[in-house]
Amino acid sequence: MIKKKIYDVVIIGSGPGGLAAAVAAKKEGAEDVLVIERDTELGGILLQCIHNGFGLEIFNEDLPGPSYAQRYIDEAHELGVESMLDTIVLEVTPGRKLFASSTKHGFVEIDARAIVLAMGCRERTRAMIQIPGMRPAGVYTAGTAQRFTNIEGKMPGERVVILGSGDIGLIMARRLTFEGAKVERVLEILPYLSGLTRNYVQCLQDFDIPLQFEHTVKFIHGKDRVEAVEIAQVDKNWNYVKGSEETIPCDTLLLSVGLIPENELSRQAGVRIDPITGGPYVDESRETNVPGIFAAGNVVHVYDLADWVTLAGYDAGKSAAKFAMALKAKESAHIPVKAGNNVHHVVPHTINKQNLTNDEIELQLRVVRPIEERVMIEVHDGENRIARKAARYARPGEMLTLVLKERHFADVEKADSLTVDVNPR
Amino acid sequence: MVEKRKLICVSCPVGCELEVTLDGNEIVEVEGNTCKLGIDYAEQELFDPRRMVASTVKVKNGYHPLVPVYTEKPVPKPKIFDVLAELRKVEIEAPVSVNDVVIENVLDTGINVIASRDMPKV
Ligand SMILES: Cc1cc2nc3c(=O)[nH]c(=O)nc-3n(C[C@H](O)[C@H](O)[C@H](O)COP(=O)(O)OP(=O)(O)OC[C@H]3O[C@@H](n4cnc5c(N)ncnc54)[C@H](O)[C@@H]3O)c2cc1C
Ligand code: SF4
């Protein structure tokens, strides 16, 4: 079971965006901050990005992804951020309720004063770009191959063709070369590189891996396992250029053909999505159109640098903490009025401390059972009696009232809650 | 003899295209750099090219079968595959802490290979 049912800030996703949001929310003064992550560890995509290139903007150091993540994981722990791992958020409501499921905690329902969406993005797949051909094993997204190679210690294949010149594809070209695979070719349908130039230099040029622009995969061959891919040049309208076909024998095809922000949860919560970025519309505080729901990182738009994701996460976490604290102040300004002994209900349900000026406050209530003798209606805060009033009898069919006057207000102000009892005298 | 060489600075993600004017073994001018790191890069790249190497080593009793590692500093480019071969020989024992030295002074380069993350024991 979970420890607390209501958190100040709940963050979905523990990549650089989510971790930065958690750290910033704590530093801004939020007390109960929870990160929910579906993986069994904190860190997000960074854990599989074992190459250097992270942290240049923020730390002025050239760190691998896991080291970069480790700094924020450690900081989050030091600040007392709570986390729930191996837990997937299934639904977020516009009223900031979350439903999640995990092996350890079962089905959980959590209320949040503010939420930060930091679910990152996912890779486009073969089905999304519709590559013709057979359906053998050996066709992976570059990120999947990266997870196999860098975390699970399994090589995706030995002779590799990579479609797409995005950063993940370029980085995997080098990585698989390091592990003894032969990367035959990198193909890009556009006339220019889609990843960073430095990755072209360090990942392809350094190892003489050929890159062809305006080329794509026309057909995937292979019965059980990929045996070859047929590639072709394309013209400006992406039609194959006749006679440009070439067959490259290989056992693996990696796809590095783009990322899409992961926003199923956002949509359910009523968050408006920009059709151009595929992520939520946000204002400068990173708040979405749904009050109290913020978003940062690749879930908003795809970043090329984790450092910038971190900075966006800071903004979102800080804003979420401010929102949560304003809400909390409002909540604590309201003193609940509870139905006590033999009382069915009391209206109003709460009293706003800020309104305790000169107006009288009338409490209206009904009893549970009739009492056919003189009764006492009593308002107390536990130990301390605040107001009382006598009545000739009490019947469920007849509403009773008690008026709190200015002379009671000092006591009301000090109370955590008020309870109304109706007892025989 | 004066010659011009084109390089791409990889010191940061900006990736400036540098044009270096060389007179024999001496750099006369570097153009195209956005910051002064670009000049250092040109010098390094032309006379002693180096790269950071990041890979994995096997770990016993760890939460994962591998732990990611990297060279603390860039190593000479021609030694990249030798460093990788050294890493393949290594198997360490969990628990591992971030920045633990996995290979000291790898191949006499004066550079340590260190762990990129904590790896708890299971
Ligand atoms: C392969 C690859 C290589 C990269 N290389 C570099 C590089 O060299 N240098 C650089 O600066 N940047 C690099 N980047 C970019 C950088 O890593 C990303 O921009 C960054 O990780 C995005 O951070 P994020 O927090 O938005 O998302 P992520 O890191 O993707 O984290 C999102 C997290 O949310 C979790 N999640 C999603 N949905 C749910 C749910 N419903 N319930 C619970 N948890 C959920 C996911 O499991 C994940 O852990 C690379 C990115 C990739 C993919
Ligand atoms: S010259 Fe400076 S700004 Fe340009 S790529 Fe090199 S380090 Fe980056």
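- Looking at I50(A), both its backbone and its side chain come within 4.5 Å of chain B, counting heavy atoms on both sides.
- Residue I73(A): no heavy atom, backbone or side chain, is found under 4.5 Å from chain B.
- The interface of residues 199-212 of chain A with chain B, defined by heavy-atom distances below 4.5 Å, comprises V201(A), Q202(A), D206(A), F207(A).
- To the nearest 0.5 Å, the span separating CD on E41(A) from CE on M119(B) amounts to 6.5 Å.
- Using a 3.5 Å distance cut-off with no hydrogens or angles, the side chains of Y63(B) and T40(A) do pair a donor with an acceptor.
- Here the CD-OG distance, from E179(A) to S55(B), works out to 4.5 Å after rounding to the nearest 0.5 Å.
- If you measure heavy-atom distances from T177(A) to chain B, the contacts under 4.5 Å come from both the backbone and the side chain.
- Remark: E152(A) CD to T56(B) OG1 distance equals 12.5 Å, nearest 0.5 Å.
- With values rounded to the nearest 0.5 angstrom, L47(A) atom CG is found 7.0 Å from H64(B) atom NE2.
- Within residues 70-91 of chain B, the residues having any heavy atom closer than 4.5 Å to a heavy atom of chain A are Y70(B), K77(B), I80(B), F81(B), L84(B), R88(B), listed by residue number.
- Between chain B and the options L196(A), N52(A), T197(A), heavy-atom pairs under 4.5 Å are most frequent for N52(A).
- Interatomic distance, L46(A) CG to S116(B) OG, rounded to the nearest 0.5 Å: 11.5 Å.
- I151(A) touches chain B through backbone and side chain together, each having a heavy atom under 4.5 Å away.
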